[in-house]
Every structure is written in C-alpha cells, then in structure tokens.
Amino acid sequence: MTTDASKAPAPAPSPARHFIHDLIDADIKANRWGLGTDLATREGICIHTRFPPEPNGYLHVGHAKSICLNFAIAQAYKGKFNLRFDDTNPSKEDQEYVDAIKDDVRWLLSAFNAGDYETGPHAGGIFWASDYFQFMFDRAVELVKKGKAYVCQLTGDEVSKRRGTPSVPATSPFRDRSITESLTLLEEMRAGKHQNGAMTLRAKIDLASPNFNLRDPVLYRIVHESHHNTGSTWCIYPMYDWAHGFEDSLEKITHSICTLEFENHRPLYDWFIAAVNEGRTDDGSGPYGKKIHHPQQIEFAKLRPTYTVLSKRNLLRMVQDATVRGWDDPRMPTIRGLRRRGYTPESLRTFVESVGVTKVESSIDVGRMENALREHLNKAAPRAMGVLNPLKVVIENWPEGKVDNLDFVINPEDPAAGKRTVPFTREIYIERDDFMEVPTPKFHRLAPGAEVRLRWAYFLTCTSVIKNAAGEITELRATIDPATRGGDSPTGPDGQPTKKVKGTIHWVSAQHSFPAEVRLFDRLFTAEEPGLRTGNWLDDLNPKSLTTVTARLEAALKDAPIGQRYQLERLGYFIVDQDTKPGAMVLNRIVTLKDDLAAAAKGEKKPANIRMYSLAEAAHELKIKQDKLLAVITHGGPSDFATREKKELTLDEVRKLKEWVKANPLPR
RNA sequence: UGGGGAUUGGUGUAACGGUAGCACGACUGACUCUGACUCAGUUAGUCUAGGUUCAAAUCCUAGAUCCCCAGCCA
C-alpha cells in the first residue's frame, strides 16, 4: 500500500501543436537572431522562454497554463526556460510569495520529467528583474540623451486629466524641456531628492497616438520604499513596459509569451528596444556600443475555467474574509490549493495542454480539469475501502470472533501493484446509500431479501432491518453465502456461475476499521461565471462547498503518510491531508468517481448539448430587440411557441426562431 | 467616438483556396467483482450579407457581436 500516485507514469500528453509553434518555426527557418535550423548543435542563442510572475500573490491554475506552455516550448525546441521574478514594484511584493512561487513552479514542472528552471536540460535559471535595475537606469539616461525621454512634473491627477481622448491628444508642459534639465532632474530623482509622485521620467513618443500606451508612457516613478531584494538602493522603480523588454533582452529570451491584454503594449515593447538600439551597431563600433537582443512578444488567451474566479483581488478577498481557510484551501484554484486538494502535476499539465493555445477568449469547463485528474489517478492510485456514511450490518451466520483474511486487488489498472489482505468479520459497515428498504426499480444494491456482492468478499443477503424509536434504520441483519468466498459465484457442472448478482458494494470490518475525518468538497461557486447574474461574484458563492463527515476506513490505511492518494472504491479519490495527526486521520476527497446514476438522480445531469438561452441572449442571437422577440414568440412566431411562457429557450428553439425571423422579416 | 484583437458542433480545438476533422460532453449499446474503467455506435458546426473562383471556414467588400486600452499596477 505504498504506491505513490505521483510516481506513476503520466498519461502521454498529445503533441498539441499551436500557432506559437508556427511562429517559432518561421523564426528558425528565417535564421532570426542566428538561431539556425539545427537546434541540437546551436551555439549561442537557442529558443528561450520564461515565466515572469510578479511576487505579489499566489500562483493559480491560469498561471499553470503559462508555465506549462513556456516550458513545453523550451523542451520541444531543445531550448531553455527561465523563472524570472518581475519585482519592479516594492510596495506590492513580498518574500512569502517568492518562496511559494518557486516551490509551486518546481512542483508543476515535475510533470515534465525534464528537470525544472534550475536543473535539467532546459534549466535557464532563476532571475530577478531587480538585478537589472542599473542597466535599466543607464538605458533611461541614454534615452534622455537621445532626446527620447524627459522628466515630467505633472502630478498623477494632472496626467489623468491631460490624458486626452481617442480624438484629443494628451499634453505635457514639460515635454520640450532641455535634455540637460531632464538629466539633472533624473539624477535628483534617483538620489532621493524628491517625494513620491513629484515627477516621473516619460518617453517622448506620440501624445496623439490612438494607442494610449504610446502617449508618452512613464518609465520611472518615485517610490520611497524598501525592496525585498535591493533594499534601499533605489527610490525610483521602472514601470512594467520599460522594464520587461530589457529583462527578456538581457536573458536572451527569444519568445516572450504573455496574455492578450498585453497586445496593445507590443508596439511599446518594440519601441523601447528599437530606441535603445538606435545608434548602436552589430559589432559595437560607435558611441553606444553593441545592439541589444530584441525578443519577439507573442500573446495568447489566458485560461478561464467555469465556476471559478482567478483574479488575485478576488482570491485575496476570500482568504481575508475567511470564506476559505487560506491560500492553500483545497477549494481554491491556486496551485497550492490544488496541491492540497490532491491534484497531480501530471493531470494539471494534461489539462492545460488539452485546452490548446489560441487567441480566442473562451471559457473552459472545469469538469475537464477533473476528468484529467480522474484519468491519471485511475491509472495511478491504489484502491482501498472506506465508508463515508456507515450503516452497521450483523452477519448472523458468521461466528462471533471469526476473522477471514481476504485477498484484495490493489489496482486493477496496474497488476504490478499486487494484492493486500483485508479482514472480514461478523460485524461490518456498509454505505447507508447502498441500502434501500423499498428499492426503486433500477436500484440493484442491498434491500430486504436482496442479495449483493461484498467487494472481494461474500455474497450477502439482507434478512431484516432494525430501527430505533424514531423509525430510523440503525442496523441490518444479514447472512452470507459461504460458497462465494472471494466474491465469486460457485460454478455449476457446465462451468457457468450458479448465481449472479447485479450489485457490488464496498464495506469495512467494524472491528478493524477506524474512524477518520473526511472533507468533501464541492465547487466554490454555483454559477458558471460568478457574478454574471447579479454583478457581484460573491452572490454566487456555494454555501455548501465543504462538508465534513466521519468515515470508517479499512485498517490498511492507518499508517498512510500525508500526501498519499487512494481511490476509495466506488466513492472517489482521496488524499491524506496535512492536518492529519497521529490517531486522527484527515482525508480530502480530491474528486468523485464518475457516477451517471447519482448525477441523473440528483437532476444535475442536464444534457450538455441542450444549451439554454435567456430571452436576452436569444434576442441577441436573433439580432432583434427583446420586446420584439416576445412579440414573435407570443403572437407571430412559429405556432408551437404561441402558448408558452417559458423564460428560457433551447438552442433548437432559438434556431427555429431564427429560421422563422429570416422567412418573416420583422417591420423595421 | 479612436486603436488593438477575436468569431468553426453544447464546449474546446484543427483545416494555411481542394472530402469541415479531432477531443471532451451528451445519447445508445457491449463488457464488468467499482453503476468506475474500457470498447463500439449516434448526435451536432464555419457570425451575417454580398463578391472573386471550377472550387471559399480560408481571398475581397460591407456589416454584426464580444474582449482589451485613457494606473506614477503587472
């Protein structure tokens, strides 16, 4: 029982080509940056990616996509991958986050079996934007000298007011001040002679640009604050746009992959590097020296899972409000939360790779994340038995005190995992849900007089039901068929089983099993897109996202170490939580097994291919106004719509209406 | 109002002028000592309107819708 799920082979990820591969292939073909086409023997520059988090929060599943994407590219092209902390804003950043990020990235990258950012063939290393502060400052001075930057003494409010509109240019009265004056003020800024906000260094680009990022963006702002890495060396800090390209450039990053919202920043990214390179030469001759490396920024759509919020602000809010028990609460979409929940790095990797890489902003069914996890754990997790809601069964034809040690298959998916021994006794517990006093037609588990198989043990027939004064079932009496030891029906002369049972249920020995706290998690939100309905994402919080029960687990689990994963048969996958103390085990349910029956019974199983439209959505789809839509439905429309008062329409109905509207154009 | 992106089954994603394919989901069924897993089958799509072409998801024109941008955040 020591098989560690995380050591089992990961499901082979599909090669999954995407548009970034096309771009990189083109760069290689064009011998851009001297990449050459034979990557294995490249000298100097190679395909080099990076993951650049700001250490101002915990990583979440969205970041996991970026990390895997960047690392997978480095691996595919025999290149390198850097972890770089984009620590340019001391007022928001903290060492606590630095440590957590390092640890989470390393954990996730273990899914690649190719080392991480510090070890292995693709290890580029760990870097800090703050190590480049001097370089950035020198380049800023250079820009001022080239007449491409100036010190602006407008306050933040004034800058906002003068920002202009798409058709009205921005203004700054300091734009045309002399180079010497700007140089002096810049030195003063650096020397700490000015208060926060007193002035900034701005690039001189285009105050009338329709792209606001180019309306003389700020390069440096004054922040009198200690930095976790550089201490009090600096009191001016570079802005993201100014800093990021240089970070990439200095690390010889070839492809700087970021999310869609930075698309509008790419002209600026390119402008800054071009501005520095102006006057520079390939061989270093001339006043400014050698050209600096110019990486290619590429944007992709971030991951947006349903039933989830990912913004740092909202996650922080839940932690502060104690909606959850911290950043590593198993319900959180943070990497730390998912780790504690029991997710494997392999399953996270297959999940983020399976959703693809595009520029289309789409949301992903969280169910896919759960499926990737089931897929991995099915192959990897040893099986065990536990009962979440115990119901005692006394086997009347089993002698008191007799113990039968039975063989159990540890993992049917993995014969190498072998077998284990489980004791069978006169008193056992079964799952309360596996018994119905008055069974429904399709219920093929235990009922009075019915026979089921106890997994790997004996066929069991319920003989009587014992209730308390309140009429609640407290105990069952039953008998077993001794001829079915091991769970197999005896075979007749023809070699066929002499009897069949439809149901197999799990059980534990009352005497040998032990109680444990089991935490059952549900989604944190009840709406696919939290906040869509009311405008406030908190309105969609799921009040029942955590349920705690006292279960009974088979004895073999008693010494399971923290972090060990199991499949409790028929119930789901579970992991030993870090809250476990000697003699007091705590289990997290990672995810349930798929259960068509339960889903259908709870009415949760609405066919996914019947999309429901609200009237507003349908009206939008039909490109008509909502009141017109109502008129169409109740008066003019297809006859079978005339009498309905439903507030929702199915996809098919919307299609029907669409056809109708097409054939019967509405007046204006 | 200006600029930058995007639009293919229910969902996600291919097709790079030449048979609209794959995965997930859903639905049927088979198998089963986990109502799991596995296997087989079914289902369903190119935002709209024009145009070019022997041929258009792909090229052209016009439009629609959604997302991003006016932090001294990243």
Side-chain angles (χ1 to χ4, degrees), chain A residues 14 16-18 22 52-54 56 86 88-89 91-92 152 154-156 159-160 162-168 170 196-202 209-215 217-223 236-237 239-241 243-244 258-267 299 301 306 312 354-365 367-368 371-372 374-375 378-379 383 385 409 412-413 442-445 453-457 486-489 501-506 567-572 592-598 600 605-612 620-621 623 651:
Chain A
S14 53
R17 271 193 66 87
H18 47 72
D22 295 339
E54 185 191 12
N56 70 344
D86 203 5
T88 56
N89 187 354
S91 53
K92 290 187 166 183
C152 177
L154 253 21
T155 66
V159 173
S160 290
R162 290 166 172 264
R163 185 82 52 191
T165 67
S167 54
V168 179
N196 288 357
M199 56 189 73
T200 58
L201 182 70
R202 296 175 72 178
S209 174
N211 180 348
F212 278 74
N213 294 311
L214 297 176
R215 314 253 268 217
V218 171
L219 271 44
Y220 273 101
R221 77 283 212 186
I222 300 169
V223 182
I236 57 172
Y237 291 91
M239 297 290 288
Y240 167 84
D241 285 308
H244 206 85
C258 59
T259 46
L260 246 31
E261 66 266 33
F262 291 101
E263 217 155 14
N264 292 332
H265 294 245
R266 180 150 36 94
E299 309 85 15
T306 52
K312 281 176 184 171
S354 77
V355 305
V357 181
T358 66
K359 300 187 76 140
V360 187
E361 290 173 306
S362 48
S363 60
I364 305 294
D365 186 348
R368 293 180 61 164
N371 281 341
R374 288 188 183 105
E375 206 178 311
N378 177 48
K379 295 272 182 293
R383 313 285 129 120
M385 289 206 293
V409 173
E413 303 284 328
K442 294 219 170 157
F443 185 83
H444 50 257
R445 286 165 278 167
R453 175 189 292 112
L454 292 175
R455 179 84 162 150
W456 302 123
D488 290 312
S489 164
V501 289
K502 273 203 222 146
T504 300
I505 65 173
H506 56 276
Q567 184 198 106
L568 292 188
E569 295 210 41
R570 305 213 302 131
L571 295 175
T592 59
L593 254 33
K594 253 203 250 171
D595 186 353
D596 292 338
L597 190 80
K605 196 173 152 186
K606 69 164 190 224
N609 57 354
I610 298 195
R611 179 169 167 192
M612 298 302 289
H620 175 253
E621 193 75 7
K623 300 181 181 16
L651 175 67

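In what follows, chains carry the letters A, B, and so on, assigned in the order in which the sequence lines appear, proteins first and then strands, with residues in each chain numbered from 1. For the numbers below, each heavy atom of this structure counts, side chains included, while hydrogens, waters and symmetry mates do not.
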Figure out the NZ/P separation between A:K359 and B:G12, and round it to whole Å.
18 Å
What nucleic acid atoms does A:D241 come within less than 4.0 Å of, heavy atoms only: base, sugar-phosphate, or nothing?
nothing
Nucleotide of B:A14, B:A36, B:C72 approaching A:T200 most closely (side-chain heavy atoms):
B:C72
Would you indicate what A:P412 reaches in the nucleic acid, counting non-hydrogen atoms under 4.0 angstrom: base, sugar-phosphate, or nothing?
base
For B:A74, does either OP1 or OP2 sit under 4.0 Å from a side-chain N or O belonging to A:T88?
yes
For RNA chain B, whose closest nucleotide is more 5', that of A:A198 or that of A:R266?
A:R266
For atom C1', what is the distance between B:U1 and B:U8, given to the nearest Å?
32 Å
Looking only at side-chain N and O atoms, does A:S363 come under 4.0 Å of OP1 or OP2 in B:U11?
no
Checking understanding here: a glycosidic angle within 90° of 0 is syn, the rest anti, so what is B:G41?
anti
Nearest-Å distance once atom P is located in both B:G5 and B:A44:
37 Å
Please report the shortest heavy-atom distance between A:R453 and A:T504, naming the atom on each side.
NH1-OG1, 2.9 Å
Which whole number of Å gives the distance between the P atom of B:G45 and that of B:G2?
36 Å
Quick note, A:R570 side chain, CB onward, closest among B:U34, B:G4, B:C72 is B:U34
Just the rounded figure in Å: distance from P of B:G4 to CD of A:E361.
17 Å
List the steps and the verdict of side chain to side chain contact (heavy atoms under 4.5 Å, CB included) for A:Q567 and A:R374.
CA-CA 10 Å; A:Q567 184 198 106; A:R374 288 188 183 105; over 6 Å; no
A:R455 with A:E569: basic N within carboxylate O range, under 4.0 Å:
yes
Going through the distances and angles, do A:W456 and A:V409 end up as a side chain to side chain contact (heavy atoms under 4.5 Å, CB included)?
CA-CA 8 Å; A:W456 302 123; A:V409 173; 3.5 Å; yes
For the pair made of CZ in A:R374 and P in B:A36, what is the distance, rounded to whole Å?
12 Å
Residue A:N371, side-chain atoms from C-beta onward, closest of B:C24, B:A74, B:A14
B:C24
From C-beta outward on A:N89, which listed nucleotide comes closest to its side chain: B:G35, B:C68, B:C73?
B:C73
At 4.0 Å (heavy atoms only), tell me whether A:E54 reaches a base, stays on the sugar-phosphate, or touches nothing.
sugar-phosphate
Say we look at B:U11 and B:G4: how far apart would their C1' atoms be, to the nearest angstrom?
27 Å
Whether A:D595 and A:R570 form a salt bridge (side-chain N of Lys/Arg under 4.0 Å from carboxylate O of Asp/Glu) is what I want to check.
no
What is the separation between atom CZ on A:R368 and atom C1' on B:C22, rounded to the nearest whole Å?
11 Å
Taking the side chain of A:E263 as heavy atoms from C-beta outward, which of B:G4, B:U34, B:U13 is closest to it?
B:G4
Nearest-Å distance once atom C1' is located in both B:U58 and B:C73
40 Å
Mind checking if A:G503 touches a base, just sugar-phosphate, or nothing, with heavy atoms under 4.0 Å?
nothing
Is there a Watson-Crick or G-U wobble partner for B:G12 with both distances under 3.5 Å, and which nucleotide is it?
B:C22
So what does A:H244 hit on the nucleic acid, given a heavy-atom distance under 4.0 Å: a base, only sugar-phosphate, or nothing?
nothing
Counting only Watson-Crick or G-U wobble pairs whose two distances fall under 3.5 Å, which nucleotide matches B:U38?
B:A30
C1' atom, B:C60 versus B:G41: distance in rounded Å?
43 Å
Mapping A:S160 and A:Y240 to their closest nucleotides on RNA chain B, which lands nearer the 5' end?
A:S160
I want to verify a distance call: between B:C16, B:G71, B:A74, whose nearest atom is closest to the A:D86 side chain?
B:A74
When the distance from CG of A:N378 to P of B:C39 is rounded to whole Å, what number comes out?
11 Å
Distance check, C1' atoms only: B:C59 and B:C66, in whole angstrom units.
24 Å
Pairwise P distance for B:C22 and B:G3, with rounding to whole Å
41 Å
Touch class at under 4.0 angstrom, heavy-atom based, for A:K442 against every strand present
base
A:T358 has a side chain; which of B:A74, B:G2, B:U13 sits nearest to it?
B:U13
Looking at A:K594, I'd like to know whether one of its side-chain N or O atoms comes within less than 4.0 Å of OP1 or OP2 on B:G25.
yes
Does A:R221 make a side-chain N or O approach to OP1 or OP2 of B:A74 shorter than 4.0 Å?
yes
Please report, rounded to the nearest Å, how far the P atom of B:C24 is from the CD1 atom of A:I364.
15 Å
Around atom NZ of A:K359, are there more than 12 heavy atoms from other residues, nucleotides or ligands closer than 6.0 Å?
yes
Nucleotide nearest A:V218 when distance is taken to its side chain, options B:U7, B:C72, B:U34:
B:C72
Among B:G2, B:U34, B:A74, find the nucleotide with the atom closest to the side chain of A:P166.
B:G2
When rounded to whole Å, the CD to C1' distance for the pair A:E299 and B:G5 reads 9 Å
Closest non-hydrogen atom pair between A:N211 and A:P267, with its separation:
ND2-CG, 3.8 Å
Please classify the nucleic acid contact of A:Y220 as base, sugar-phosphate, or nothing, using heavy-atom distances under 4.0 Å.
nothing
Between B:A36, B:C67, B:A74, spot the one nearest the side chain of A:E413, thanks.
B:A36
Any base atoms under 4.0 Å from A:M239, or only sugar-phosphate, or nothing? Heavy atoms, all strands.
sugar-phosphate
May I ask you to decide if the ring planes of A:F262 and A:Y240 are parallel, tilted or perpendicular, using 30° and 60° as cut-offs?
tilted
A:R163 atom CZ is separated from B:G71 atom C1', nearest whole Å, by 7 Å
Complementary nucleotide of B:G2, counting Watson-Crick and G-U pairs under 3.5 Å
B:C69
How far apart are the closest heavy atoms of A:K594 and A:N371, and which atoms are they?
CE-OD1, 4.3 Å
Which part of the nucleic acid, if any, lies within reach of A:H265 when heavy atoms closer than 4.0 Å are counted: base, sugar-phosphate only, or nothing?
base
Partner of B:G50 under the Watson-Crick or G-U wobble criteria, both distances under 3.5 Å, comes out as B:C60
Would you indicate what A:L201 reaches in the nucleic acid, counting non-hydrogen atoms under 4.0 angstrom: base, sugar-phosphate, or nothing?
nothing
